[in-house]
Amino acid sequence: MPDPATRPADDAREGATRDHTLPADAAPTLLPRPSPPPGHRGGPHDPADGAQNPDGRLPRWRSVLAVVAHPDDESFALGALLAAFAGDGARVSVLCLTHGEASTLHGVAGDLERLRADELTTAAGVLGIGDVRLLAYPDGRLSAADPGELAGRVTDAARETDAEGLLVFDPTGVTGHPDHAAATAAALRAAGVLGLPVLGWTVPEAVADRLRREYGAAFDGHPPEAVDLTVTVDRAPQLKAVACHRSQAVPGSVLWRRLELLGDREHLRWLRPPRP
């Protein structure tokens, strides 16, 4: 089992750090509006066409904000879900808290910080994400940031996008990366202020166990009784978005095995249920 201080995340990056400080008044980088993929159509989903899942249904939020720690989290983890929200006609936005500059993966040449910002924009267009906000907190040190400040950034983004709900990683972080847990904690704090529901992405405990045994990866999952929604998804948009992250989607990554084990299902927990 890898040392917990450097244990690999879903894309096999270590939790390394880079010492740079975000100015207190720094504004988020608003990335260029992504171009929708050819043939992408928004609009309400017709449950009768069989494309929606038989076990659970994503909420019909008109606007959803995904809060993630790194560029590629929106694709590697949440991609199929975000594409489903967009396909149902929701306005989908992403708030990414770091540039992912501490990744140990570097599949293409160039400045990693800039590369990953460009990859995020391109992948967002594939998934139907219309609004991408990229902050510059230090990758690998998100848990050291001021929790109130992080929550304030999420609160601002949720208000500006008129979000009706938030989509995040499970509070465990799922892949063992502490940045994921810190991003979710900030989102939950913001949701408490705004009174918003929050859905947390997770994996079944059986899948997490397989990934731990096969890769030594520090995955956390949940048993079936702790999962609130099991959603059937179309992996095609997600796989196209993953391919946009050329610096990270390298052969041999545990990502590919996770997607194989999950098949066409994603699993979610209500971290803050909707109001009755």
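The structure displayed is predicted, hence computed values, not measured ones.
Residues L115 and L97 do not share a hydrophobic cluster, defined by chaining ILVMFWY side chains whose heavy atoms lie under 4.5 Å apart. Following chains of ILVMFWY side-chain contacts shorter than 4.5 Å, one can reach W201 starting from W270, so the two form part of one hydrophobic cluster. No single ILVMFWY cluster, assembled from side-chain heavy atoms under 4.5 Å apart, contains both V108 and L255. In the hydrophobic clustering of this structure, L261 groups with V174; members are Ile, Leu, Val, Met, Phe, Trp, Tyr whose side-chain heavy atoms approach within less than 4.5 Å, directly or through other members.
Looking at heavy atoms from C-beta onward, W61 lies out of side-chain contact with V92 at the 4.5 angstrom threshold. Taking 4.5 Å as the limit, some side-chain heavy atom of L271 sits within range of a side-chain heavy atom of T184. Taking the side chain as every heavy atom from C-beta outward, Q248 and L112 approach each other to under 4.5 Å. By the 4.5 Å heavy-atom criterion applied to side chains, L211 and R258 are counted as neighbours. Two residues are said to be in side-chain contact when any heavy atoms from C-beta on lie closer than 4.5 Å; L229 and V227 fail this criterion. With contacts defined as side-chain heavy-atom distances shorter than 4.5 Å, the pair V67/V94 does not qualify. For the pair S75 and Q238, the minimum side-chain heavy-atom distance is 4.5 Å or more.
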Query - From CA spacing to verdict: side chain to side chain contact (heavy atoms under 4.5 Å, CB included), D264, D234 - result: CA-CA 6 Å; D264 65 351; D234 178 4; over 6 Å; no
**Report entry** Audit row: R153, L135, side chain to side chain contact (heavy atoms under 4.5 Å, CB included) steps and yes/no
**Finding:** CA-CA 9 Å; R153 297 299 182 96; L135 301 184; 3.6 Å; yes
Query - Full working for side chain to side chain contact (heavy atoms under 4.5 Å, CB included) between E164 and V64 - result: CA-CA 6 Å; E164 294 186 346; V64 56; over 6 Å; no
Query raised in the report: Does the side chain to side chain contact (heavy atoms under 4.5 Å, CB included) test come out yes or no for L120 and L134, once each step is laid out?
Result: CA-CA 9 Å; L120 173 58; L134 181 61; 4.2 Å; yes
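One finds a salt bridge joining R133 and E160 here, because a Lys/Arg side-chain nitrogen approaches an Asp/Glu carboxylate oxygen to under 4.0 Å. Taking the charged nitrogens against the carboxylate oxygens, D209 and R212 do have a contact shorter than 4.0 Å, which makes a salt bridge. Salt bridge annotation for E266-R235: present, with a cationic side-chain nitrogen under 4.0 angstrom from a carboxylate oxygen. R141 and D139 are not joined by a salt bridge, as no carboxylate oxygen comes within less than 4.0 angstrom of a charged side-chain nitrogen. Classification of D170 and R269 as a salt-bridged pair holds, one side-chain N sitting under 4.0 Å from a carboxylate O. With respect to E214 and R257, a salt bridge is recorded, a charged nitrogen being found less than 4.0 Å from a carboxylate O.
Between A163 and L196, the closest heavy-atom pair is O-CD2, 3.4 Å. Of all heavy-atom pairs spanning V68 and D73, the tightest one is CB-CB, 3.6 Å. Heavy-atom minimum distance, L78 versus V168: CD2-O, 4.4 Å. Here the shortest heavy-atom pairing between S103 and L105 reads OG-N, 3.0 Å.
Within a 6.0 Å radius of CZ in R275, no more than 12 heavy atoms belonging to other residues, nucleotides or ligands are found.
Atom CG of D118 and atom CZ of R246 lie 11.5 Å apart (nearest 0.5 Å).
The distance between the ring centers of H99 and H70 does not fall below 6.0 angstrom.
Taking the six-membered ring where the residue is Trp, H245 and F76 present perpendicular rings, their angle passing 60° and hence far from 30°.
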